[in-house]
Every structure is written in C-alpha cells, then in structure tokens.
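What follows is a short report on a single structure.
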Amino acid sequence: MTATPMPSLMPTYARTDIAFDRGEGAYLFDGAGRRYLDFAAGIAVDSLGHCHPHLVEKLTEQVGKLWHVSNLFRIPGQERLAERLVANTFADSVFFNNSGAEAMETGFKMMRRFHSDNGAPERYRVICCNGAFHGRTLATIAAGGQEKHLAGFGPAVDGFDHVAFGNLNEMRAAITPETAGILVEPVQGEGGIRPAPEGYLKGLRDVADEFGLLLMFDEVQCGAGRTGKLFAHEWSDATPDIMAVAKGLGSGFPLGASLAVEKVASVMVAGSHGTTFGGNPLAMAAANAVLDVMLADGFMDSVTRVANYMAQAMQALVTDFPDLLDEYRGQGLMVGLKCAEDGQNAALNTRLTDLGMLTALAGDNVLRMVPPLIITEAHVDEAMVMLRQACQSVQDGQ
Ligand SMILES: *Cc1c(COP(=O)(O)O)cnc(C)c1O
C-alpha cells in the first residue's frame with residue numbers, strides 16, 4: 001500500500017478546484033479574474049449578495065470600534081436585534097448562537113426544559129421528518145436521521161423519531177407520552193427543496209396544541225427572506241413555539257438565533273444555557289445591517305417579483321427538457337430542478353460551473369438554486385442562457 005500524505009486540511013469536502021478572490025453583488029471572481037454568476041450564495045447564506053454596500057459600511061464601522069465582549073455584559077446590538085426580531089415575528093424572546101446547528105440545539109434544550117419545568121421530564125422525544133436536515137452535531141444528525149450523516153458516529157443521540165414529511169396521520173400516530181414536540185422545516189432544503197404541502201404547518205400546529213406538544217420550525221435555510229417573507233412559515237397560518245434561524249440572517253457573517261414564545265423562553269434562566277461567541281458585537285452589527293435592508297419597504301415584494309419570474313423560467317425549462325428534468329420545485333428564491341436520473345444534478349452543476357454559474361446540489365436528485373435575494377430579472381435571464389446550454393449538453397450525454 002502506498003501511503004497518501006495526510007493533507008493538513010482535513011478532507012471532509014470533495015472541493016471544486018476554484019478559489020474565489022472577491023465578490024460583488026451576485027457575482028464571484030476567481031484569482032484569474034473569471035466571473036461566476038453565484039446562484040449558490042454560499043449555500044443560501046449570502047442573502048444580500050457579496051459586499052453589499054450597507055453591510056460593508058456597518059461592519060467596517062463596527063470593526064474599528066469593538067469586536068467581542070462576553071455575554072456577562074450588556075450588548076446593545078443584541079438587544080436591538082432581539083427587539084427587531086420579536087417585533088417582526090411570533091416570538092417573544094431570542095437567544096443568539098453562531099450557527100444553525102447550535103440554534104437547533106438551543107431549541108431542543110428549550111423543549112426538554114419546558115416539559116421538565118412543567119412536571120413532565122419524561123417528555124423529551126422530538127418527532128422529525130424524513131428527508132430533513134438540521135445540522136452536523138450529534139443531536140442534529142440524530143434529528144436529521146440520515147444514514148449517511150450518522151454512519152460511524154453511533155450511538156445516535158436518543159430522543160428523535162421520524163415520520164413522512166407532509167403526512168399528518170403519521171405524525172399523530174407517532175405521538176407517545178414521551179413526546180415533547182414536533183420539528184419541521186417549512187421548506188426542506190438539503191432534502192430536495194420540498195415546500196410543506198398546503199395546510200401541513202397549520203395541521204401540525206393543531207396537533208401540537210391538542211397533545212400539549214411544542215412546535216419547532218427549522219428556518220435555518222428557508223428563513224431570512226429566502227421565500228419572499230421574512231420567515232417561510234408566514235405563508236401559512238401557523239406559527240411555531242420555537243424557531244431556529246441562521247444562514248441568511250448574517251449574509252455571510254456566521255450567526256444563528258433561537259426564537260421562542262414566552263412560555264418556552266421563560267424556562268431559560270441565568271445559567272441554563274450559554275455561549276462564548278454567540279451574539280458578539282460584530283455579528284450583531286452584521287445582522288442588524290441585514291435587517292435594515294430586508295425590512296425596508298418593497299424589499300420582500302421585489303424578492304417575490306423576481307422569484308415569480310424565475311419560477312416561470314424554470315417551468316419553461318422543464319417543459320423544454322422533459323427527458324432530463326422531472327419537475328421544478330420551490331418557494332420564493334429557494335429553487336430546485338429535479339432530474340430524471342441519478343447523478344444528472346451533479347452533471348448539471350459541473351457543466352454550469354464550467355459555463356460560469358454556481359449552483360448547489362440537494363437530495364432527491366435536485367439541482368438547487370438559492371441566489372442572493374438582491375438579484376433582478378436580468379440575472380435570471382443570464383442564468384437561463386447557461387441553464388439551457390447545460391441542460392442541452394447533459395441531455396446529449398456530453
Ligand atoms: C444548514 C442548515 C442547518 C445547519 O446549519 P449550520 O450553520 O451548518 O450548523 C440546519 N438546518 C437547516 C435547514 C439547514 O439548511
């Protein structure tokens with residue numbers, strides 16, 4: 001056996017051999033100055049595109065003032081961001097973390113503690129959905145329930161049950177005296193860009209209320225304006241008790257948030273939970289700047305207008321390449337093209353990169369597009385030219 005040298009960077013990713021040098025709006029540029037239309041946005045993270053002038057201004061201002069202090073002191077940026085999130089959502093209170101998985105973990109801890117404080121510590125199990133993705137920590141891989149993420153990392157954290165996404169009967173049947181709550185992504189992201197069926201979220205709300213369970217939404221990917229509302233569940237008439245947010249909230253600055261209604265948030269007291277980095281002044285400056293833009297009049301209308309334009313273009317593509325593309329799925333600027341055969345999504349992704357457009361993959365053979373929310377119809381037109389070329393070449397087997 002010849003020993004392959006161990007790379008100094010742990011090889012957890014099969015990386016494309018491109019290193020980007022700078023970004024501007026919906027475009028990235030590599031070291032040689034080649035331009036790419038970025039419809040991956042760092043996996044739904046760069047919600048306002050690259051180097052948005054307002055974010056650059058606000059972060060630069062903060063960089064020269066104060067980066068980090070511990071949560072043992074008041075952090076005015078946190079208070080402001082929390083107030084704004086509370087004012088614009090179902091939530092009464094917010095905890096800030098550094099990532100999506102951590103925002104999820106905080107949610108799980110709140111669920112358990114809520115029932116424990118209410119005299120039912122035996123209620124600790126969470127019913128999750130097949131095809132879900134909730135992160136890569138031990139608890140979140142157990143919640144996601146995907147074999148490929150759990151393999152070799154056993155024993156799996158106890159307390160997560162799984163039912164079919166979209167099936168209310170299965171959900172009801174899975175409830176036991178040990179159930180603490182229900183967890184769902186209003187639009188499944190990694191699982192293949194699958195919006196919850198009409199009426200499902202409201203149905204879950206009713207089930208949760210009937211059985212005294214907490215309802216938690218994972219809006220790490222579909223939240224922060226991605227669907228044309230600040231949070232995706234606003235398209236339904238259901239609100240959760242707990243919600244995890246991250247990805248687009250910092251538009252590239254790592255940050256997560258766990259939102260909760262009063263009866264849940266009130267079980268978290270001094271000492272029950274903590275974080276060293278979560279909610280530091282730099283992160284708060286980034287997220288407050290993101291909200292300045294997203295909450296401005298007309299922003300979400302523009303996301304919806306472009307999203308509708310893109311949905312029509314995607315439908316047309318599916319019509320024109322019926323052997324390659326099974327369907328268009330999506331909500332807002334969370335867009336998926338389901339390919340007919342295994343691996344065609346990856347082939348399209350590679351072809352598009354060669355052509356100068358970045359996309360991502362998702363489960364269920366889906367090519368995923370989660371562009372910055374600042375794109376216009378002209379960016380969609382530009383994307384369509386490359387998408388048509390890529391579809392033609394994959395369909396022709398080239
Ligand atoms: C990305 C993602 C997570 C995990 O977020 P990290 O910041 O990678 O920990 C959780 N849930 C959903 C729906 C996601 O898309």
Side-chain angles (χ1 to χ4, degrees), residues 10 12-13 40-47 95-111 126 128-146 148-150 153 157 160 162 165-166 181-196 200-201 204 215-227 231-233 240 242-259 275 277-280 283 286-287 290 329-336 359-364 366 368-371 373:
M10 218 178 274
T12 51
Y13 282 92
I43 323 245
V45 167
D46 304 306
S47 51
F95 182 91
F96 293 110
N97 332 253
N98 309 290
S99 67
E102 278 176 288
M104 296 299 302
E105 295 266 354
T106 303
F108 298 150
K109 286 178 75 174
M110 287 195 286
M111 271 199 193
V126 183
C128 311
C129 289
N130 296 333
F133 179 80
H134 300 299
R136 295 298 200 105
T137 60
L138 285 172
T140 53
I141 57 176
Q146 308 240 10
K148 63 179 186 220
H149 296 152
L150 286 160
F153 300 119
V157 170
F160 299 96
H162 293 88
F165 180 59
I182 293 169
L183 166 64
V184 70
E185 291 161 83
V187 184
Q188 284 194 339
E190 306 294 319
I193 311 291
R194 283 189 287 210
Y200 183 57
L201 299 181
L204 291 179
L215 180 60
M216 175 166 166
F217 289 161
D218 177 350
E219 292 229 16
V220 170
Q221 187 161 161
C222 62
R226 176 65 40 202
T227 66
F231 295 104
H233 71 266
I242 301 171
M243 177 170 73
V245 185
K247 290 196 166 86
L249 185 60
S251 192
F253 201 100
L255 124 113
S258 311
L259 286 68
T275 167
F277 293 117
N280 87 6
V290 168
R329 300 168 174 176
Q331 192 167 10
L333 286 175
M334 215 170 157
V335 173
T359 54
L361 304 179
D364 203 23
V366 165
R368 170 168 40 160
M369 285 167 272
V370 279
L373 308 179

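One-based numbering, in listed order, for ligands and for the atoms of each. If you read the sequence from its start, that first residue is 1, and numbering goes on from there.
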Quick look: Ala101 vs ligand 1, heavy-atom contacts under 4.0 Å, and the answer is both

So the atoms of ligand 1 within less than 4.0 Å of a heavy atom of Gly135 turn out to be 4 (C), 10 (C)

Closest to atom 14 (C) of ligand 1 by heavy-atom distance, out of Glu190, His134, Arg136, Lys247, is Lys247

Side-chain contact test, heavy atoms from C-beta onward, threshold under 4.5 Å: evaluate it for Asp364 versus Arg329 and give yes or no. yes

Worksheet item: Are any of the N or O atoms of Gln221 closer than 3.5 Å to those of ligand 1?
Response: yes

min-distance protein heavy atom vs atom 11 (N) of ligand 1 -> Asp218 OD2, 2.7 Å

Run the salt bridge (Lys or Arg N to Asp or Glu O under 4.0 Å) test on Arg368 and Glu190 for me, step by step, so that the C-alpha distance in whole Å, both residues' side-chain angles and the decisive distance to 0.1 Å come before the verdict. CA-CA 9 Å; Arg368 170 168 40 160; Glu190 306 294 319; 2.9 Å; yes

query: Looking only at N/O atoms, are Gly100 and ligand 1 under 3.5 Å apart anywhere?
result: yes

Side-chain touch Val290/Phe253, heavy atoms, less than 4.5 angstrom:
no

message: For the backbone of Gly278 and the side chain of Asn98, can you confirm whether one donor and one acceptor N or O come within less than 3.5 Å of each other?
response: yes

Problem - Side chains of Met104 and Leu183 in contact at under 4.5 Å (non-hydrogen atoms) - result: yes

So is Glu185 polar-close to ligand 1, meaning N/O to N/O under 3.5 Å? no

Ligand 1 to Ser99, heavy atom cutoff 4.0 Å, flagged ligand atoms 7 (O), 9 (O)

Item to check | Sub-4.0 Å protein heavy atom near atom 8 (O) of ligand 1 | outcome: no

Any side-chain heavy-atom pair of Ile141 and Arg136 under 4.5 Å: yes

Review point. Do His162 and Phe165 touch side chain to side chain, with heavy atoms closer than 4.5 Å?
Key: no

